[in-house]
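To start, the structure under review is shown below, and the notes come after it.
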Amino acid sequence: MIRELFESQKLAVLATQNKGQPYANLIAFAASNDLKSLYFATGRATRKYANIEADARVTVLIDNRSNEDSDFSQAAAVTATGRAKEVVDSARDEVLAIYLAKHPMLEEFVRSPSCALLKVEVQTYYLVRRFQNVMELHVK
């Protein structure tokens with residue numbers, strides 16, 4: 001279910017924090033094949049990047065809601081908790097290929113010198129279906 005959700009969705013909500021104040025953003029994301037990592041890009045001059053530099057703990061929410069009444073019985077959401085860090089050096093090319101396979105329209109942005117490619121090392125996934133069925137999966 002998690003893989004299907006990740007493949008069907010292009011956007012997620014990233015939550016960071018600064019001195020206890022939560023901050024949320026929409027991000028274009030991609031996942032590693034083993035689902036142990038999530039990837040996204042952002043400018044280095046953004047608040048989200050500064051927040052991650054100060055505290056690497058993040059949460060990412062991916063869902064399939066359609067804003068219809070059926071969401072109450074059919075929507076699914078995955079919350080991923082983990083730590084984010086910038087991908088650098090030789091690992092960047094591999095992650096960039098994964099990211100651009102899903103978001104080819106972002107190539108110019110991602111290749112800009114001011115853009116950082118980030119990796120969330122997922123610790124736990126929480127899958128919620130039908131607003132009350134919760135499954136917790138720990139990534140090792």
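These numbers come from the heavy atoms of this one structure, side chains and all, not from hydrogens, waters or symmetry mates. Along the sequence shown, the residues carry numbers beginning at 1.
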Write out all pairs satisfying ring pair (Phe, Tyr, Trp, His ring centres under 6.0 Å) with one or both partners inside residues 11-35, taking only residues at least two apart or from two chains. Phe6-Phe29

Atom CG of residue position Asn33 - does it have more than 12 heavy atoms of other residues, nucleotides or ligands inside 6.0 Å? no

Which atom pair, heavy atoms only, marks the closest approach of Arg92 to Val110? NH2-O, 3.3 Å

If only atom types and distance count, is the side chain of Ser32 paired as donor or acceptor with the main-chain N or O of Ser37 below 3.5 Å? yes

Looking at Glu86, I want to see if its CD is surrounded by more than 12 non-hydrogen atoms of other residues, nucleotides or ligands under 6.0 Å. yes

By the definition side-chain contact (heavy atoms from CB on, under 4.5 Å), identify the one residue from Thr79, Val60, Leu26 that meets it with Val13. Leu26

Leu5-Tyr125 co-clustered via ILVMFWY side chain contacts under 4.5 Å: yes

Donor-acceptor contact present, side-chain Arg57 to main-chain Arg83, <3.5 Å: no

If hydrophobic clusters are built by linking Ile, Leu, Val, Met, Phe, Trp and Tyr wherever their side-chain heavy atoms come under 4.5 Å apart, do Ile27 and Phe109 end up in the same one? no

Within the structure provided, determine whether Ile52 and Val58 are in side-chain contact (heavy-atom separation under 4.5 Å). yes

With distance as the sole test, does Asn64 use its side chain to make a donor-acceptor pair with the main-chain N or O of Ala76 at under 3.5 Å? yes

Side-chain heavy atoms under 4.5 angstrom apart, residues restricted to Ile, Leu, Val, Met, Phe, Trp, Tyr: same cluster for Phe40 and Leu100? no

Rounded distance (nearest 0.5 Å) linking atom OG1 of Thr42 with atom CG of Leu14: 8.5 Å

Before giving the answer on side-chain contact (heavy atoms from CB on, under 4.5 Å), spell out for Val122 and Lys36 the whole-Å C-alpha distance, their side-chain angles and the decisive distance to 0.1 Å. CA-CA 6 Å; Val122 178; Lys36 291 182 179 182; 5.9 Å; no

Of all heavy-atom pairs between Arg44 and Ala116, which one has the smallest distance, and what is that distance? CG-CB, 3.9 Å

If I take atom CZ from residue Arg3 and atom CG from residue Asp34, how far apart are they, to the nearest 0.5 angstrom? 8.0 Å

Separation between NZ (Lys48) and CG (Asn18), nearest 0.5 Å, reads 14.0 Å

Holding to salt bridge (charged side-chain N to carboxylate O under 4.0 Å, His left out), I want the full list of residues that pass it with Glu107, two or more places apart in sequence or in another chain. Arg111

So CG of Leu118 and NZ of Lys85: to nearest 0.5 Å the spacing works out to 11.0 Å

Shared ILVMFWY cluster between Val139 and Ile2, side chains joined below 4.5 angstrom? yes

Considering all heavy atoms of both residues, which atom of Ala41 and which atom of Leu117 are nearest to each other, and what is their separation? CB-CD1, 4.3 Å

What distance do Lys102 atom NZ and Gln9 atom CD have between them, rounded to the nearest 0.5 Å? 8.0 Å

Show the nearest heavy-atom pair for residues Lys19 and Gln17, with the distance to one decimal. N-OE1, 3.4 Å

Using side-chain heavy atoms (C-beta onward) and a distance below 4.5 Å, is Lys119 in contact with Val95? no

I'd like to check the ring-ring contact (aromatic ring centres under 6.0 Å, His included) partners of Tyr99; sequence neighbours left out, ordered by chain and number. His103

Using the rule that two of Ile, Leu, Val, Met, Phe, Trp, Tyr join whenever any of their side-chain heavy atoms come within less than 4.5 Å, decide whether Val120 and Leu96 are in one cluster. no

From Leu38 atom CG to Ile98 atom CD1, the distance as rounded to the nearest 0.5 Å: 11.0 Å

